[in-house]
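Read the numbers this way: they start at 1 and go in the same order the structure lists the ligands and their atoms.
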Amino acid sequence: MTTDFAASPAMPPGRPVRRRRRLLLRLLLGALALGLVAVLGLAGLATWLWSQADMSNVGQLRFANQLKIPPLLEPRLDGAGRKVFDLRLQAGTSELLAGRRTETWGANGAYLGPTIRAARGDRVVMNVRNELPEATTIHWHGMHLPAAADGGPHQPIQPATTWSPSWRIDQPAATLWYHPHLHERSEDHVYRGVAGLFLLEDPEANSLALPKDYGTDDIPVILQDKRFDEQGQLDFGEPAFSPIGRLGDQLLVNGTHDPHLTTRHQRVRFRLLNASTARSYHLGFADSRPFDLIATDGGLLEAPHRTTRVPLSPGERAEIVAVFQPGERVVLRSFQPNLGLGSLEGRFAGADDTFDVLQVRAGSELSGAPPVPDRLVVRQRLDQAEAVRTRRLELNGSSRINDQRMDLGRIDQAVTVDTTELWEVANRSGNPHNFHVHDVQFQLIDYAGRPPPPHLAGWKDTVFLPPSATVRLLARFAGYSDPELPYMFHCHLLRHEDNGMMGQFVVVGPGQAPAGPPARHGHQ
Ligand SMILES: [Cu+2]
């Protein structure tokens, strides 16, 4: 090094080597200082992002607003004795935050939609009129129905047109819901506000001593997180590094910000629906009082499960019954959800977030109600020995199943009608996912190698899958076959679904083949 230096003809006289060394030392120190500044800057940025990633409204609410209850949609009977429900999808403005008008979408109103209620055996007709500025769909989440009525990406409803599917309700009492499912647009349309409950009743459930007076002691709790910009409009941006899409820092319950519920009932049933696009919740009361979990996605459990917490990933439902004392106030809260992630990824996926959901204000006198029965329903058990086929589905990255992105023109699986199948679903990524199948309710054989815990032991249509977890489920594909029109299976974290983490299956008659690639009319 010094040799080269000494050889340089441009060197001034004197002590070039020492001067050169001094210069090098200064450069080195300068570089070190710059590096230190950069490292500190990055650390500062990382710390800032870290601190920003932790979201909570705990301690910030006054519970100032009475909880809104979505109205029940009254059907009319047509000449054939069918119950006809009219839904009108529309854009409008809503006062989601006090004093602000936010542009939103809804059904029969500017935000969310009415609660639909039907009973087992009813024949229903759903008239879905699209007054929105773009095509969308309405999918009946959790419903057993013909593929043509399913409302997936193959049934787009163009603006200013009406879609009128019809089917017969043929499944147990349950808390289902409806929401858009347009190809690549589900997250956007649900986030804007199109969603509602679809409650199913049956004689067996009605005969049980459970709170069932809608809006009185049977309370819908539709959970959605939102982010608002400075103008009070829905913010379509998202927090840095989120592996699951948009996460909001404000919570709405039935479209109500900062809500409370006044009750005159000692026992209250809450129908919890996670209608968020990405956020998982971990629900319980702030004082950790026990409550009874009585139902999950597909309906009542065989027996109530006494617990203090219930996890709920996007699309999932849970029904709980809680007991209140006269005059007390207690907060329903979402505690930090266990997403199965490390502390770094978890923080950016909402694992450190806590939200006060709803303050319950019990009146000074409460009308009593009998305790939740020890036994609820007798549930038919699907038998693993009857499974005619095992399918393995691997969730890869944040946009693929079995290494393929969703293609509306490709049928991924063909199932024979009136058979039971075993599906093995494996999360092979470092991201959290959940798995939803259309048309059926399923039963878990095992969850991450263990017997399913009580909250996953009943009928399910959506199940959370932390990284590396595998779940084995049984489903019976009864009744409806259609070699042309597929149903969907997908991740219900809607960004993942929109990115392609979805596949298609047809249910065919015995010996029948799929009718070939479906028309790609769902494409935009
Ligand atoms: Cu996912």
Enquirer: Looking at His433, pick out the N, O or S atom nearest to the Cu ion (ligand 1) and give its name.
Expert: ND1
Enquirer: Quick one: list whatever passes salt bridge (charged side-chain N to carboxylate O under 4.0 Å, His left out) with Arg389, sequence neighbours left out.
Expert: none
Enquirer: Quick check: does Cys491 have an N/O/S atom under 2.8 Å of the Cu ion (ligand 1)?
Expert: yes
Enquirer: Apply salt bridge (Lys or Arg N to Asp or Glu O under 4.0 Å) to Glu103 and Arg192, showing your working.
Expert: CA-CA 8 Å; Glu103 290 179 14; Arg192 288 174 188 273; over 6 Å; no
Enquirer: Is a side-chain N or O of Ser276 found less than 3.5 angstrom from the main chain of Asp225, in a donor-acceptor match?
Expert: yes
Enquirer: For His496, what is the atom name of its N, O or S atom nearest to the Cu ion (ligand 1)?
Expert: ND1
Enquirer: His436 pairs by ring pair (Phe, Tyr, Trp, His ring centres under 6.0 Å) with which of His179, His181, His490?
Expert: His490
